[in-house]
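Side chains are part of it too, since the values below use all heavy atoms of this structure and drop only hydrogens, waters and symmetry mates.
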Protein chains: 2
Amino acid sequence: MVTSRRIPEATVARLPIYLRCLHVEAKRGVPTVSSERLAELAGVNAAKVRKDLSHLGSYGTRGVGYDVGFLIFQVRRELGLTQDWPVAIAGAGNLGQALAGYAGFRARGFSLVAMFDTDPAKVGQSIHGTPVHPIGALPAVAAEEGVAIGIICTPPEVAQELADAFVDAGVKSLLSFAPTVLSSPDHVALRMVDLSMELQILSFHSQRVAEQLVEGL
Amino acid sequence: MVTSRRIPEATVARLPIYLRCLHVEAKRGVPTVSSERLAELAGVNAAKVRKDLSHLGSYGTRGVGYDVGFLIFQVRRELGLTQDWPVAIAGAGNLGQALAGYAGFRARGFSLVAMFDTDPAKVGQSIHGTPVHPIGALPAVAAEEGVAIGIICTPPEVAQELADAFVDAGVKSLLSFAPTVLSSPDHVALRMVDLSMELQILSFHSQRVAEQLVEGL
DNA sequence: GTTTGTGAACCACTTCACAGCC
DNA sequence: GGCTGTGAAGTGGTTCACAAAC
């Protein structure tokens, strides 16, 4: 169904998983995958794989499966990975530095072009090859470098200001690791990742398991 | 509706957000919050807040709202945060060390009791006060310390082995930062956080925005 | 008057099941 | 015979809208 250009959010969130699995198969020299096989690798159900991929177009062959190389290309194109997106990180603390050192960045078509921090000891330095600018330079540098994705690794108190600064500089996608709720205009994509939230959700499950054990006695 | 003991997954995932917002209001000395106010702070819709909270019980007062302190207690109880959960981290690289230094850990009722790594230079050391053990010691140490939550910060190649080791040691909740699909038995909760996946999803949105700009010409 | 708690309507996503093509 | 693509049915979650409680 190549006609409709509205891909469900849930499908978009799974495309990177499929892509990774496809790369694994490509590296093994496998020429084609069935939805069954891809589903197994991605840890989902085969019908879901077929419906997801059908949103990109009819790229499979009945009785055969999907051509691995061709499907990799199509998924990458759909995700916008055929072009390079400039990324900037606000906050050069532990997490910011760990992210800057993440090898998967450039490997996957993202260029880390700038970091920002308030600490005078860090400003002017280079972390894993990326220059650290003062926070005040964010609007100018982000605009000049054409930053597409802003990553926020600051304390929660200043996260919203940083988000606003990125938005003002024309950044259209934000990823925050700050433990606070952020808001952004409708046209800006905002994703939040929060360790303490993940732990609390797991705490709920731990408790549920513990209760079941007690009940089972 | 205190009768039903099945809280929707989506609600559980939002409880930590509400909890954080409630703490903010408590610190400001606010005695009660309406669903409207809590919704605004949490960035969701008021009806959703009410339905979510109704799953915990009827803790609100019509015409008044929810008592902040009481609601904090109930949400914490529901999430299992009134008890301490021992946590272990496998992988003492950049990310593992950044997580070990995360102050929110102990502050929120999680005790980081052990780290594991293969690097002989790290084994025997202590990172932010947490001892680093060899990977081989994982089953014994995790079982002995009663680890409830295992965090995986290793390269993807060994992530599944580590997950299996945690599961064998009786760990019932896993959080993985490794960029690979993991599988675990049904009774083990597994959450995955993946920077490169988040970036790829944002890449999709960046591309969509770029396309709209072109169309708009 | 205010605000909760909740059926009912709605919507998005998932899964089934099978026709259609290889 | 094998596997995709997709309508149709099913599921879970969201939002509406209002009666009940303060």
Next on the checklist: I'd like to know if the side chain of A:Trp85 and the backbone of A:Gly80 have a donor-acceptor N/O pair within less than 3.5 Å.
Outcome noted: yes
Checklist entry - Once you round it to whole Å, what is the distance between C1' of C:dC13 and CD of B:Glu9? => result 16 Å
Item to check | Nucleotide nearest B:Ser54 (side chain, heavy atoms from C-beta), chosen from D:dG7, D:dT4, C:dT6 | outcome: C:dT6
Checklist entry - What is the distance, rounded to the nearest whole Å, between atom CG of B:Leu56 and atom P of C:dG5? => result 10 Å
Item to check | Residue pair B:Ser35 / B:Arg50, side-chain donor-acceptor N/O under 3.5 Å | outcome: yes
Checklist entry - Can you find a side chain N or O atom of A:Lys48 that sits less than 4.0 Å from OP1 or OP2 on C:dC13? => result no
Checklist entry - Atom CD of B:Glu36 to atom C1' of D:dT15: distance rounded to whole Å? => result 13 Å
Checklist outcome for this item: Comparing nearest nucleotides in DNA chain C, the 5'-proximal residue of the pair B:Gly63, A:Gly63 is B:Gly63
Checklist entry - Any side-chain N or O of A:Arg50 less than 4.0 Å from the OP1 or OP2 oxygen of C:dT14? => result no
Checklist outcome for this item: Regarding the side chain of A:Ser34, the nearest nucleotide among D:dT4, C:dC22, C:dG5 is D:dT4
Checklist entry - OP1 or OP2 of C:dT4 less than 4.0 angstrom from a side-chain nitrogen or oxygen of B:Ser35, does that happen here? => result yes
Next on the checklist: When you measure from the side chain of A:Ser34 to the backbone of A:Arg37, do you find a donor-acceptor pair of N or O atoms at a distance under 3.5 Å?
Outcome noted: yes
Checklist entry - At under 4.0 Å, does any side-chain N or O of B:Tyr59 touch on OP1 or OP2 of C:dT3? => result no
Item to check | Pair B:Tyr66 + B:Tyr59: ring centers closer than 6.0 Å | outcome: no
Item to check | Minimum-distance nucleotide to B:Ala47 side chain [options: D:dA17, D:dT4, C:dT14] | outcome: D:dA17
Checklist entry - For D:dG5, does OP1 or OP2 lie under 4.0 Å from any side-chain N or O of A:Tyr66? => result yes
Checklist entry - Do B:Lys51 and D:dT15 have a side chain to base donor-acceptor pair shorter than 3.5 Å? => result yes
Next on the checklist: If we ignore hydrogens and angles and just use 3.5 Å, is the side chain of A:Ser176 paired with the main-chain N or O of A:Ala178 as donor and acceptor?
Outcome noted: yes
Item to check | Rounded distance in Å - CZ (B:Arg37) to P (C:dT4) | outcome: 13 Å
Checklist entry - What's the CZ-P distance between B:Arg62 and D:dC22, to the nearest Å? => result 8 Å
Next on the checklist: How many whole angstroms separate atom CG of B:Leu71 from atom P of C:dT3?
Outcome noted: 16 Å
Next on the checklist: So if I take every side-chain heavy atom of B:Ala10 and compare against D:dC3, C:dC13, D:dT14, which nucleotide ends up nearest?
Outcome noted: D:dT14
Checklist entry - B:Ile7 CD1 to D:dG12 C1': how many Å, rounded? => result 15 Å
Checklist entry - B:His55 has an atom NE2; how far is it from atom C1' of D:dG13, in whole Å? => result 10 Å
